[in-house]
Each structure stands twice: as structure tokens, then as C-alpha cells.
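What follows is a short report on a single structure.
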Amino acid sequence: MEEVAYFCGEVTARIKVERLPDICRFLKNDPRTRLDLLSDLCAVDYPKDPKRFEVNYHIYSVPHRHRIRLKVRVADGESVPTVSTIWATANWHEREAFDLLGIGFTGHPDLTRILLPDDWKGHPLRKEYPLEGFPEQHPRYR
Amino acid sequence: MFHTEILEVNMGPQHPATHGVLRVILGLDGETVVQCKPVIGYLHRGVEKLAEHKLYVMIPPLCDRLDYVGSASQNLGYIQAVEKLCGIQVPERGQYIRVILAELNRISSHLVWLGTHGLDIGAMTVFFYTFREREMILDLFEAFCGARLTTNMFRIGGTLEDFPPGWIEGTRRFVDLLPSRIKEYEGLLSTNRIWLERTKGVGVISAEDATNWGLTGPPLRGSGVNYDVRKAMPYAAYDRFEFEVPLGTHGDTYDRYLIRMEEMRQSARIIRQALDGLPGGDFRGKVPKKIKPPIAEIYHVIEGPRGEQGFYIKSDGTEKPYRMRFKSPSFVNLQALPALSNGALVADIVAIIGTLDIVLGDADR
């Protein structure tokens with residue numbers, strides 16, 4: 001655990017990436033937290049930072065009615081351990097983060113593109129990717 | 001099961017039963033489905049990237065076009081997330097108008113679901129009935145804001161307009177009429193032997209699996225998990241109204257059907273209460289000329305017709321969001337299709353896709 005922040009009634013915990021699976025498993029199984037529903041997983045790109053990608057996990061507890069946001073940071077080329085073994089729903093969310101931002105997830109069963117075609121080049125949600133795309137790379141799709 | 005060679009069959013991307021452009025790769029042993037792999041992305045428009053290049057006030061029309069059947073909920077969720085981020089207060093009348101419109105939208109969305117779900121399974125008559133009532137809701141939307149489908153009815157700080165003259169009476173007439181019409185649909189379906197045969201015990205998912213797959217909305221409640229954002233974390237004015245959250249027991253297609261039918265009744269009940277207690281005053285609060293949130297992030301969820309809709313905004317203190325993320329219930333619910341179709345027949349896949357009530361615009365974004 002590196003840092004905990006509160007804003008608008010939301011709890012955010014910044015954690016070390018290598019501790020992620022252990023922490024997630026604990027939060028899901030411990031009777032005091034019981035965070036059993038992974039509501040969303042999304043990644044943000046900060047190209048100026050040395051660890052440019054931030055992955056957010058929004059987790060909800062159905063019995064206790066509370067939420068938490070976990071954050072991990074990784075550099076380009078590094079990967080995050082998958083949580084799809086803990087919450088099955090993370091599977092497609094992680095594929096989407098891989099597709100649109102190019103973040104790797106170790107241990108993921110099927111890390112392929114999901115929203116874009118398989119032969120697409122680049123990752124559109126990265127900040128350096130222009131809004132109109134690279135026309136010379138994708139004549140087929142225009 | 002004959003345990004012969006497995007035949008791979010492509011369903012979609014253009015197929016009348018896939019509700020848009022969804023492709024499902026099926027592995028078949030005789031008529032039994034042994035593998036099922038949904039392939040999406042045919043309607044991907046890069047809305048999240050687009051939103052990063054637009055001002056906060058320009059984004060609601062994009063939200064409308066994600067889940068075009070439940071556009072009011074999409075709109076409401078996004079606008080509430082921005083309001084939360086900037087600390088903007090909404091007057092009570094504005095909150096009530098929002099609830100009324102969002103619930104009308106839920107009814108119209110469920111009517112589309114019921115009509116097309118029936119059509120998929122072979123009950124054609126229901127389609128004509130439900131679209132007759134849906135037309136009445138769309139007329140109400142048109143009278144309110146001029147648009148019928150992608151309504152864009154809400155504004156940061158309140159709503160677009162106050163109710164036009166005669167609108168409240170028209171809505172009252174509709175919600176008084178609706179229960180008798182729902183009885184008509186149920187007369188056609190609830191005890192219909194073909195309907196029971198096609199829906200009972202089809203697409204069963206346990207409560208534990210449903211939570212694990214992250215299902216929300218009627219597919220989650222069909223398995224008996226009591227999670228409705230309107231009750232769990234009330235937003236807008238939902239804490240002022242009395243309503244029940246219907247729950248299923250078996251987690252099959254029939255339970256999800258019953259739940260959506262009951263939800264329509266409950267929505268009508270909420271609208272009736274909101275119309276009775278409609279407070280006076282402004283429909284829109286004071287909003288700064290420029291929407292410039294502080295450097296912060298927010299994740300706001302609301303209960304859409306299909307389930308939990310999440311809106312994550314990361315603001316860097318400028319007039320445009322640094323990162324805009326739409327969590328769509330269709331995307332998540334569709335992922336569970338293989339889990340639901342374990343050992344199903346080919347014809348059941350059509351019923352299961354229908355019962356998940358996906359909108360591909362919402363899934364692909």
C-alpha cells in the first residue's frame with residue numbers, strides 16, 4: 001500500500017503492482033470487505049511520467065454496499081498481473097486495455113484485440129495517437 | 001450428444017437475432033453447443049477517444065449514441081458524474097423531472113427488449129403490442145425535447161426544459177394505462193406452453209457465477225442477487241420514492257423475463273409518485289459559464305435499463321476531460337454468454353442473447 005486518498009466519498013488506494021493479485025484476493029474473500037463485483041477496469045495514459053500507464057480497478061461489494069478504487073502504475077512494455085482468475089469479468093476488460101492502450105497482462109488466458117481489427121497498428125487511447133488515426137497505416141478502414 | 005466431429009458455425013455479424021452486429025462462433029456437436037465465442041467490435045466508434053477532444057458540455061450527445069435504446073440513462077449518468085466532480089447542485093424539480101424521464105426510458109427500453117425477445121423466440125404478436133406502447137413514450141419524449149430516440153434531454157445543472165403544457169396529464173394517462181397493457185403481454189406469454197418451453201431452464205446462471213462474471217441489472221437480479229444502484233446508492237431523487245426490486249430464484253431466462261415485467265410496473269409506480277409530489281421552483285440550477293472541474297477523478301454509477309452504467313472521468317483542470325471512460329453493462333453482460341450457454345441448443349443461443357438484452361452500440365462504444 002503506497003497511498004490512500006479520499007474524494008467525493010470515494011476511496012482510492014494506490015498499490016504496488018506486484019502485490020496486486022494478493023490484495024485483490026484478500027479484498028474479495030475477507031468477510032469484512034467482500035468486494036465480490038468488479039465493476040470496471042480501466043487504464044489511463046500519462047505519457048510524461050516514467051511509469052506512464054495507470055490501471056484503475058473499481059470494485060464493489062454487494063453485501064456491504066461499499067466501493068473502492070485500486071490503482072497500479074506500470075511503464076510502457078511492463079505488464080500487470082491478471083485479475084481474471086479472481087473476477088472472471090476482468091477478462092474482456094483487460095483485453096480492452098491491451099487493445100486500446102497496449103498494456104500487457106501476465107497470466108491472461110487470451111490476450112488479443114477485442115474492439116479493433118486484429119491487424120490494426122497502434123493503440124488509439126495513447127495520448128500521442130492522433131484523433132484521426134494514421135491514414136497511411138489503415139487505407140482499408142477509411 | 002453423439003460425440004462426433006465438432007462443427008464450427010458462424011452466427012452473425014449480420015443476423016436478425018443478434019440485435020446488431022454481433023458475431024458468435026459456435027462449436028456444435030449435433031445440435032448441442034460445446035463452444036461459444038462472442039466476437040465484438042463491429043460498431044466501435046472510439047467514443048472514449050472522441051470525448052477526450054470535446055468540452056464537457058459537448059459530450060452528452062455522444063453518450064446518447066452508445067446505448068441508443070436507453071439514452072436517458074446514459075445521459076443522466078454522465079451529467080451526474082460531471083456535477084459530482086464540479087460540486088454543482090441540482091434543484092429538486094430538476095431531480096424529479098430526471099427521474100420521470102429516466103423511468104419512462106426504462107419502460108420503453110424494456111418494451112423493445114420484450115418485443116424483440118419474443119420475436120426471436122417466435123412469439124410475433126407481442127412485438128406489435130409493445131411497439132404500440134413504446135410509440136406513446138416516444139411521443140412524450142418528442143413533446144418534451146423534439147427528439148425521439150437520442151434525446152439529449154438533460155443539461156449540467158438540471159434539464160433542458162420544464163414540462164410543456166399537457167405533458168403531465170399525458171404521462172399520467174400513459175402510466176395508468178400501462179399496467180393493463182402489461183397484463184395483455186403476460187396473457188400472451190406467461191403461461192404460454194411454447195414460451196415456457198423456450199425460456200424455463202434456459203441460460204441458467206448461479207448467483208455466485210453471476211457476480212463473478214460481473215453481471216448487473218436484470219441478469220444479476222434474475223439469479224437472486226439484490227443489487228440495484230437505485231436502492232444501494234440512491235442518486236437523483238430515488239430515495240424519495242417507494243418501489244420494490246424484483247428478484248429471481250432460478251437464474252433462468254424465464255426469471256429474467258418476469259423481473260423485467262415487474263420492473264416496468266415499478267417504474268410506472270415511481271413515475272406516478274414523482275408526478276404526485278412534483279415540487280415547484282427551477283428545473284435548472286446555477287451553473288458556471290465554463291465547466292472547469294478541479295484536478296480530480298470520479299467514478300459514478302447509475303442503474304440503466306441493462307444494468308450498472310459506470311462513468312469514470314479523470315480531469316486535469318481544463319475544459320476537456322483527460323480521460324473519459326464508459327463502463328457499459330452490455331459489454332460485461334455479453335461476456336457471460338459462454339457461461340450461460342453451456343450445453344445449450346443452437347436455438348437457445350438466440351433466446352440467451354435476447355435475455356441478456358444487449359445493445360451493440362453500448363458494448364462496442
Side-chain angles (χ1 to χ4, degrees), chain A residues 5 7-10 12 28 34-46 54 56-69 71 84 86-93 95-97 99-101 110 112-118 120 123-127 129-133, chain B residues 37-46 48-50 52-54 81 84-85 87 207-216 220 225-227 229 231-233 294 296-301 308-312 314 316 322-329 331-336 339 363-365:
Chain A
F7 174 72
C8 265
E10 292 184 347
T12 308
K28 188 187 177 186
R34 273 252 160 260
L35 291 151
D36 47 2
L37 188 90
L38 180 68
S39 175
D40 190 22
L41 185 161
C42 70
V44 192
D45 181 21
Y46 299 95
E54 182 183 79
N56 293 303
Y57 300 80
H58 297 106
I59 324 169
Y60 179 73
S61 163
V62 176
H64 294 307
R65 297 188 173 185
H66 56 210
R67 317 188 151 263
I68 189 172
R69 179 191 298 126
K71 273 175 185 296
S84 60
I86 302 165
W87 298 285
T89 178
N91 189 319
W92 275 20
H93 285 307
R95 278 178 70 189
E96 194 188 335
D99 187 1
L100 301 180
L101 284 128
D110 174 32
T112 49
R113 287 197 184 266
I114 182 164
L115 294 176
L116 298 175
D118 289 336
W120 192 270
H123 303 285
L125 276 182
R126 290 190 177 196
K127 287 288 172 187
Y129 195 95
L131 184 60
E132 299 82 13
Chain B
K37 193 183 172 213
V39 180
I40 61 166
Y42 295 95
L43 210 58
H44 179 60
R45 294 148 292 176
E48 289 175 6
K49 181 82 177 174
L50 275 173
E52 286 175 15
H53 293 261
K54 291 202 181 294
K84 229 171 159 183
L85 201 59
E208 200 187 324
D209 283 350
T211 344
N212 192 26
W213 280 105
L215 293 182
T216 44
L220 179 69
V225 181
N226 190 351
Y227 174 46
V229 189
K231 281 275 187 209
M233 292 178 169
E297 59 192 332
I298 198 103
Y299 182 68
H300 182 65
V301 293
E308 180 195 77
Q309 286 171 333
F311 298 84
Y312 172 78
K314 167 77 196 172
D316 59 350
Y322 185 77
R323 172 83 161 93
M324 179 74 236
R325 156 86 182 165
F326 300 103
K327 181 254 166 155
S328 72
F331 180 82
V332 176
N333 291 358
L334 181 59
Q335 187 183 187
D364 293 346
R365 277 156 290 148

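Chain identifiers are assigned alphabetically (A, B, ...) following the order of the sequence lines, protein sequences preceding nucleic acid strands; residue numbering begins at 1 within each chain.
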Inset, instruction - Would you confirm whether B:K49, through its side chain, and A:Y129, through its main-chain N or O, come within 3.5 Å as a donor-acceptor pair? - result: yes
Inset, instruction - Report yes or no: does B:Y322 contribute a side-chain atom to a donor-acceptor pair with the main-chain N or O of A:D45 at less than 3.5 Å? - result: yes
If I compare all heavy atoms of [X] with all of [Y], which pair ends up nearest, and what's the gap?
| X | Y | result |
| --- | --- | --- |
| B:K327 | A:S39 | CE-O, 3.1 Å |
| A:H66 | B:M233 | CA-CE, 4.4 Å |
| A:V62 | B:N226 | CG1-O, 4.0 Å |
| A:R67 | B:Y227 | NH2-OH, 3.2 Å |

Below 4.5 Å, heavy atoms only, C-beta onward: do [X] and [Y] meet side chain to side chain?
| X | Y | value |
| --- | --- | --- |
| B:L334 | A:W92 | yes |
| A:I114 | B:H44 | no |
| B:R365 | A:E96 | yes |
| A:D110 | B:K37 | yes |
| B:V332 | A:H93 | yes |
| B:R325 | A:H58 | no |

Legend entry - Contact origin within B:E308 toward chain A - heavy atom pairs under 4.5 Å: side chain
Legend entry - Contacting region of B:E52 [heavy-atom separation from chain A under 4.5 Å]: side chain
Legend entry - Presence of salt bridge, B:E297 and A:R69, under 4.0 angstrom: yes
Inset, instruction - Could you tell me whether A:E54 and B:R323 make a salt bridge, using a distance below 4.0 angstrom between a side-chain N and a carboxylate O? - result: no
Option that, when pairs with chain A are counted at under 4.5 Å, heavy atom only, ranks first among [options]:
| options | value |
| --- | --- |
| B:T211, B:N212, B:L50 | B:N212 |
| B:L220, B:V225, B:V301 | B:V301 |
| B:A232, B:A363, B:A339 | B:A232 |

Inset, instruction - Say whether B:Y312 and A:D40, considering side chains only, have a donor N or O and an acceptor N or O under 3.5 Å apart. - result: no
Inset, instruction - Drop me the distance from A:N56's CG to B:K314's NZ, to the nearest 0.5 angstrom. - result: 9.0 Å
Legend entry - Distance (rounded to the nearest 0.5 Å) between A:L125 CG and B:M324 CE: 12.0 Å
Inset, instruction - Could you check which of A:V44, A:I86, A:L38 has the highest count of heavy-atom pairs closer than 4.5 Å to chain B? - result: A:V44
Taking side chain as everything from C-beta outward and backbone as N, CA, C, O, which of these in [X] sits under 4.5 Å from a heavy atom of chain B? Side chain, backbone, both or neither.
| X | value |
| --- | --- |
| A:L100 | side chain |
| A:R95 | neither |
| A:Y46 | both |

